[in-house]
Each structure stands twice: as C-alpha cells, then as structure tokens.
Enquirer: 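Provided herewith is a single structure, encoded as structure tokens, for subsequent inquiry.
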Amino acid sequence: MFDEINVKEKGEIMSKEELLAGMAKAVIEGNKEEAVALAKEAIAEKMDLNEVIEKGYVPGIQVAGKLWEEGEYFLPELVTSAECMKAAMGALRPELEKAHIDVKSAGKIVIGTIEGDIHDIGKNLVASILSANGFDVVDLGADVKLEKFIEKAEEEKVDLICLSALLTTTMIGQRKLIEMLKARNFLGRFAVMVGGAPVSQKWADDIGADGYAENALTAVQAAKNLLKKMKKG
Amino acid sequence: MKKRIVLLDGGMGTELIRRGFPQGECPELWNVEKPEVVEAIHRSYFDAGSDVVLTNSFGGSRIKVSAHGLEKRCYELNHAAAQIAKEVKKENEFVAGSMGPTGKFLRPQGEYSEEEFEEAYAEQAKGLADGGVDFLLIETQYDLREAFCALRGARRVCDLPVFVTMTYNHVPRGFFTLMGNSVAQCVKELEKNGVPVLGSNCTLNSEEMADLVKIMRGLTSLPLIAQANAGKPSLSTDGKVSYSQGPEDYIRFIPRIIENGANLIGGCCGTDPEYIRKMAEIIKIGKN
C-alpha cells in the first residue's frame, strides 16, 4: 500500500498526508535517516506532533508487525523498524518537551528474563516492540532476581511487570513472583504478563497471571488490554 | 556409514535436569564437577542404540559460558566434554563435538563482529578436538552468518569433519530461520562451502521435520541430519515438565523422516533414551 508513495525531492512541499504516509513507509522499510528527516520536517512545518506519531509512525510499526506475523518479515526487519520508530521519537522529543506536549504513554512496563535464565532474544524483541508502540519500557536484562522486578516496579511506578522465561524451571519463577506480590498485597497495583517459548495461556491461567503473550506482536495488544482493564477496575 | 541410517542421540539438557542439575546454571560445568553424570547419560544413549553421541558442550562457546562467568574455562570445559564421551564409546561408536549458537546477534542486530564469533567458536572447537571428538556438529543455528563464523572458527583449529544443522521456524510462507534464511539458501550455501553433512534440528516436532527433510532432499544429495523436538514443553502447576509428543506419537513420523531422505536421525529437546530405543527398532526393521 505504500509502494506508490514517492517522497518528493527536497524543496518541494509535501502535503500533510504525504508526510504521514512517508513516515509510515520509512518505519516499514527500516529507513532511519528518512524517519528522522521527516520528524524534523514535521517540526519545521509545525504539524500536530501527536497526530504525527499516531497517524504517521505508529501505523508504520503496525504494518511491520503484520508483515512479521505473515512470515514476510523476520527478526532483523522487525528490529530495524522498531529502531526507526525509536529514532523518530528521539527526534520529536525535544520539541514535544519544549511545547509541553504530553505524549500519551501507552503505559509503563518493567521487563526482564527471570533469574537462572540467560536467554534474552525473545525478551529483547518484546521490549523493543512494546517501546516502539508507545510503552515506556524499563528493561532489566536477563538473569534478573524476582525481588528486583518488584523493587523496580515500585521505584518506577510501573503499570505492568513482564516476565520472560525460556526454561521450564525459570517458568516457576513467574508463579513465585505472583505469590510474592500477593503476600505483599501488591496484586492489582501491578499487572503481571508472562511469556517465553514454553509458556502458554493455560500456564498463565494456572498461576494467576493477568496476561500472556505468545509473541512480541500479541504482547502489544495484551498489554493494552490489561492496562485498559486496570484503569476501569 | 552410507549403507544404513546413522542413529544420533536425544536430549542432553533434560537428562541432566532429571539427574539433579539445577537449571539455569552452566551445564558444561558438570563436565568437570560431575563427569560421572554426563558419562551415564552418554552410556544410556549408546545402550539405547545410538551410533553417535553429542558432547555436553552445546553452550560451550566462550560467549555463552561467559554469561556464567566461566570465560576463562572455555577450553577446559569443552576438552572435558570430549574426553568423557570418548571414554564411553566402544568400537563403531562415535562422538560428535556439539557447538550450539552463542545466543547473541551479529551487528547490526547485536553487538558482535564476525571475528568475535569466529574466535569464540575456534576456542571451543580446539577444546573439543584436543579432547578427542570424531567430528564437530555446529547445531541449532538460527543465523546462517553465525553458522559460517562457527565453520571458519572450527576449520581454523582442526582438520576434523564439520557438520552443520540449522533450526527453522514454521511460518505461513514455509520454513525459515529466525533471521529469515530460507532452507534453499542454507542448504546451497553450506554445500557450496564444503560442508559434507548438513540438516536441521530443534524447534520443529517430528511431523514438521518430515516435511522439512523432503524440502532439503530436493535441494541436495548430501547426507542429511534430522533431529526433531518432542513437540513443545509444558509445565504443570506441580512443576512437572511434559512434552506434547510422547514417544509413540514422535516415532510415528520417523519412517516418513527416513523415507523423505534423512540419513542421520536422532532426537532433540524432550527426547530421551526411550525415544532413541524406539528409533533404533525402526532402523533395524528398515534394514531387513
């Protein structure tokens, strides 16, 4: 759908629609320079920056995600698109702050791979896609002590704790963390989402996790649904 | 070797855990600290009918062991892995030096250069070769570029034959590695670079593996390796691990894997000596 859009030569003035489509295209194609250049142009043109994000860049990362789910894109393409998104947001940020525009954060998340588990490929992808979709992500890395998840969740006032595990024994840590939250009456304050290759919806239900995501794309929707539910509750 | 199907072994990690290995620690450390356990696992696979066992060194590259703070012991842990298996093997039994992925990415997705990967694999290969393996198996590779780093590293330090298995995901458009390498690309490029035996392991269950073998067979006449997972693992609330493919279900697709053109078969995650014993029965039947 973006093939027919030709970004015009420098000097020519693009319409708002052309700019927005160009932003999406830059993210889809993983063209970082273009994504940043268009962000600067949007600032120069005094465009509504919230609209730029929502109608320009976000649709781009959504298309990239869809292509990944369809098996057209693979990890390198998806990561590159997420990085373009990050670069564009980085270019917009000073202007947003100057104008006191509060960019709507989709929510704050702490994420990590549980202690005893050094696998972080999946976790990194989830963190990067959540961040590209407007979540404020605190990534604790791999081999993270359960206590540290709670400590950081309190300190950073997050909405959601995301726990990754590739090993069946570190999966047990997911249950343990929920028990720890229960014991401290923290349930309801933070939602807990679990993931990782051996993790399933059934396991998430069994241990009382609030959410489960099979992959980085479903994680975005699951996180959004959870936060919506929390706000209502 | 060309006359009949060669039987490899099954899972190592799950067998270690069954014998008390605390998951999350460095499995290669047990080559030094509990060699008798690793030895018992090798023996159980040879007893079940394996012609070849893979050393306990899947995560033994310098990059992987450094996550456990053991980077200075890379050579030692791999050398020990080879020696344990070598001690167990009898006549007409063989030892493959297992070299799994680093778990990291090359630039631009990751932080590493090809030279760093090559170096990490070379050190591991040296330990395995000096410890006495019969050949090296670079396995479970999700990035063809990384597989070539491993290949170059291994060839730099020894003259042993080096085999390569890639791991593929089943996506809507077919089988691809995590990084998007197609089966055709992997098979052709590995063959072009003189890899004498290649194939696939992990990720897929035995039914999907049979389909993949058919595709690989259409692309090369080289001997093919196929080692499928026993499906997917799940954990019950009481902490018991089970795999979606039990031995009976797993075995159902072994004849098809062979028919489709695999020459070296074995198991991967979730398989144990029982799976291998059943596979040995099938191979024997096939011979008659």
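Proteins come first, then strands; the chains are lettered A, B, ... in the order of their sequence lines, and each starts at number 1. Side chains included, hydrogens not; waters and symmetry mates left out as well; all remaining heavy atoms used. Predicted model only: the values in this text are computed from it and were never measured.
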Enquirer: Take atom NZ in K214(B); do more than 12 heavy atoms of anything else shown fall under 6.0 Å from it?
Expert: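 Counting other residues, nucleotides and ligands, NZ of K214(B) stays at 12 neighbours or fewer.
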Enquirer: Counting heavy atoms not belonging to E248(B), are there more than 12 under 6.0 Å from its CD?
Expert: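 Atom CD in E248(B) is not crowded, with 12 or fewer foreign heavy atoms closer than 6.0 Å.
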Enquirer: Knowing that exactly one of S234(B), P233(B), C269(B) qualifies, which makes a side-chain contact (heavy atoms from CB on, under 4.5 Å) with P198(A)?
Expert: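 Option passing the side-chain contact (heavy atoms from CB on, under 4.5 Å) with P198(A): P233(B).
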Enquirer: Would you say CD of E111(B) has more than 12 non-hydrogen atoms from neighbouring residues, nucleotides or ligands within 6.0 angstrom?
Expert: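 No, CD of E111(B) has 12 or fewer neighbouring heavy atoms, counting only those of other groups under 6.0 Å.
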Enquirer: Ignoring hydrogens, what is the shortest heavy-atom contact between L178(B) and F74(A)? Give both atom names and the distance.
Expert: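 Closest approach of L178(B) to F74(A): O-CB, 3.6 Å.
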Enquirer: Does any heavy atom of chain B fall under 4.5 Å from the side chain of E115(A), the backbone, both, or neither of them?
Expert: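 Neither part; nothing is under 4.5 Å.
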Enquirer: Do other residues, nucleotides or ligands put more than 12 heavy atoms under 6.0 Å from E70(A) CD?
Expert: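 Atom CD in E70(A) is packed in, count exceeds 12.
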Enquirer: Are any non-hydrogen side-chain atoms of I118(A) and K64(B) less than 4.5 angstrom apart?
Expert: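 I118(A) reaches K64(B) side chain to side chain.
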Enquirer: How far does CD of E77(A) sit from CE of M179(B), to the nearest 0.5 angstrom?
Expert: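 The CD atom of E77(A) sits 8.5 Å away from the CE atom of M179(B).
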Enquirer: Report the distance from atom CD of Q109(B) to atom CG of N124(A), rounding to the nearest 0.5 Å.
Expert: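 That separation rounds to 12.0 Å.
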Enquirer: Look up atom CG in L235(B) and atom OG1 in T168(A), then write down how far apart they are to the nearest 0.5 Å.
Expert: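 L235(B) CG to T168(A) OG1: 6.0 Å, rounded to 0.5 Å.
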Enquirer: Please classify the contact of D120(A) with chain B as side chain, backbone, both or neither, using a heavy-atom distance under 4.5 Å.
Expert: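 For D120(A), the side chain is the part near chain B, not the backbone.
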Enquirer: Is there side-chain contact between F105(B) and V79(A), with at least one heavy-atom pair below 4.5 Å?
Expert: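 SC-SC contact between F105(B) and V79(A) ruled out.
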Enquirer: For K108(A), look at atom NZ and say whether over 12 heavy atoms of other residues, nucleotides or ligands are found less than 6.0 Å away.
Expert: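 It does: K108(A) NZ has more than 12 such atoms within range.
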